[in-house]
Amino acid sequence: MAHPRLSIVIPAYNESARIESTLGRVLECVQQRGWDAEILVVDDGSVDDTVTIVRRWMERHDRLHLVRNCGNRGKGYSVRNGLLQAAGETVMFTDADLSAPIEEAEHLVAAIDSGADVAIGSRWLEKQKQTITQPMYRRFFGRCFNWVTRKVMGLPYRDTQCGFKAFRREAAQTIFRLQTIEGWGFDPEILFIARRLRYRIEEVPVTWGHDERTRISYLKDGMKMLGEMAEIRTNSLRGRYDEAIAAMKDTSGMVTPQVDRIESIDHAEHVEAR
């Protein structure tokens, strides 16, 4: 099967209230703009009607696919599971709330086409692009977390947490095989790994609007993410990333074989076992 130009991965957990609207907006954008694209929804063990809704839409759209995790594993696991199975030449993920409108994907793809290996959406490079701003307390905690992330992880980016990132397929196949964090804190790790691999990373300003229905808690999840960053630094100091990278002397054959796109699948455990 030929590779599509773009793969759009949407991690989803109990998203029955908005997944229908999200799919409608994404599929309409793909059709109107003539993108050669596939869409993969990664269900993270939802207990509502998310899977039923996606399957209903799959009956009418043959480039929409469903990937199912074995239980509720976390956003980082879901993104990895989807991107490792994505067939596109450029692969990206976006949050199910589409806080960054899917039309903004053009800017990420343009950065990849211009030579970047990784393109990360940023809410802070051009703050005037924010259509709906976060409440003051969320802006405060978000900025504090980003400052700590930059200092602890040595990441120079204004926005590490925006759920809108794209990768060259080959870069994604390498980066996400080295990923260890399965929760919310996976973003700093994949950027840390990409820099370790000397990939070119470009931060791209995107239009963004806050969604009040966001599930992340800056207190509870923020503390957990700080622990995950400590875990990343520990892994780095112990040479675990270097050892894993050294084991990947030839990444040319590491592209995940394409699988049956029609039925639900969970491939991440197979990838980890390799």
Side-chain angles (χ1 to χ4, degrees), residues 1-11 26 29-30 33-40 42 63 65 67 75-95 100 102-122 125 155-157 159-181 186-206 241 244-259 261 267-268 271-272 274:
M1 184 176 71
H3 293 294
R5 179 76 178 82
L6 175 67
S7 293
I8 303 169
V9 172
I10 307 172
V26 171
C29 178
V30 168
R33 306 208 171 194
W35 292 350
D36 175 20
E38 65 170 1
I39 300 97
L40 291 81
V42 183
R63 302 196 89 180
H65 312 290
V67 178
K75 182 181 178 182
Y77 183 95
S78 298
V79 169
R80 179 180 63 187
N81 197 13
L83 289 187
L84 287 179
Q85 297 188 63
E89 296 172 8
T90 296
V91 299
M92 65 166 291
F93 68 89
T94 182
D95 289 339
I102 192 60
E103 290 79 6
E104 295 290 281
E106 288 184 336
H107 301 304
L108 299 184
V109 173
I112 299 294
D113 288 344
S114 296
D117 300 296
V118 181
I120 62 175
S122 175
L125 280 180
L155 299 175
Y157 313 109
D159 190 353
T160 60
Q161 297 304 118
C162 184
F164 202 65
K165 295 180 174 67
F167 309 79
R168 280 192 312 105
R169 174 177 166 79
E170 293 80 4
Q173 290 289 326
T174 304
I175 292 168
F176 284 91
R177 279 181 165 78
L178 296 168
Q179 176 194 342
T180 64
I181 302 299
F186 79 99
D187 290 277
E189 184 184 34
I190 61 175
L191 294 176
F192 182 83
I193 292 169
R195 279 171 59 83
R196 206 63 171 256
L197 291 165
R198 300 186 183 279
Y199 282 137
R200 176 181 161 187
I201 305 170
E202 184 169 338
E203 194 169 10
V204 179
V206 295
Y241 292 115
I245 291 170
M248 289 183 169
K249 293 179 180 178
D250 179 11
T251 62
S252 61
M254 285 190 170
V255 176
T256 304
Q258 294 184 29
V259 294
R261 318 294 295 178
H267 198 61
V271 169
E272 290 172 353
R274 286 189 168 187

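Keep in mind the model is a prediction, meaning the values are calculated, not measured.
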For the residue pair [X] and [Y], establish whether any side-chain heavy-atom pair is separated by less than 4.5 Å.
X: M92; Y: V9; result: no
X: T94; Y: V26; result: no
X: F167; Y: Q173; result: no
X: H65; Y: Q85; result: no

Test your reading of the model: is there a side-chain donor-acceptor pair from [X] to the backbone of [Y], 3.5 Å cut-off?
X: R80; Y: G76; answer: no
X: E38; Y: L6; answer: no
X: S7; Y: G88; answer: yes

Going by side-chain hydrogen bond (donor to acceptor under 3.5 Å, both in side chains), name the residues that satisfy it together with [X], two or more places apart in sequence or in a different chain.
X: E103; answer: none
X: R196; answer: S236, D242
X: Q179; answer: none
X: T160; answer: N146

With sequence neighbours excluded, give me every salt bridge (Lys or Arg N to Asp or Glu O under 4.0 Å) pair touching residues 109-119.
R5-D113, D117-R168
Can you tell me how far CG of D159 sits from CD of E203, rounded to the nearest 0.5 angstrom?
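Nearest 0.5 Å value for the CD-CG distance: 6.5 Å.
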Sequence neighbours excluded, which residues qualify as side chain to side chain contact (heavy atoms under 4.5 Å, CB included) partners of [X]?
X: D95; result: K75, D97
X: E202; result: A111, A116, R200, V204
X: R63; result: P4, D36

Return the set of residues passing ring-ring contact (aromatic ring centres under 6.0 Å, His included) with F186 (not counting sequence neighbours), or none when no residue passes.
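F93.
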Can you list everything that forms a ring-ring contact (aromatic ring centres under 6.0 Å, His included) with Y241? Sequence neighbours excluded, please.
F192
Sole candidate of L83, I190, L108, V118 that passes side-chain contact (heavy atoms from CB on, under 4.5 Å) when paired with K165:
I190
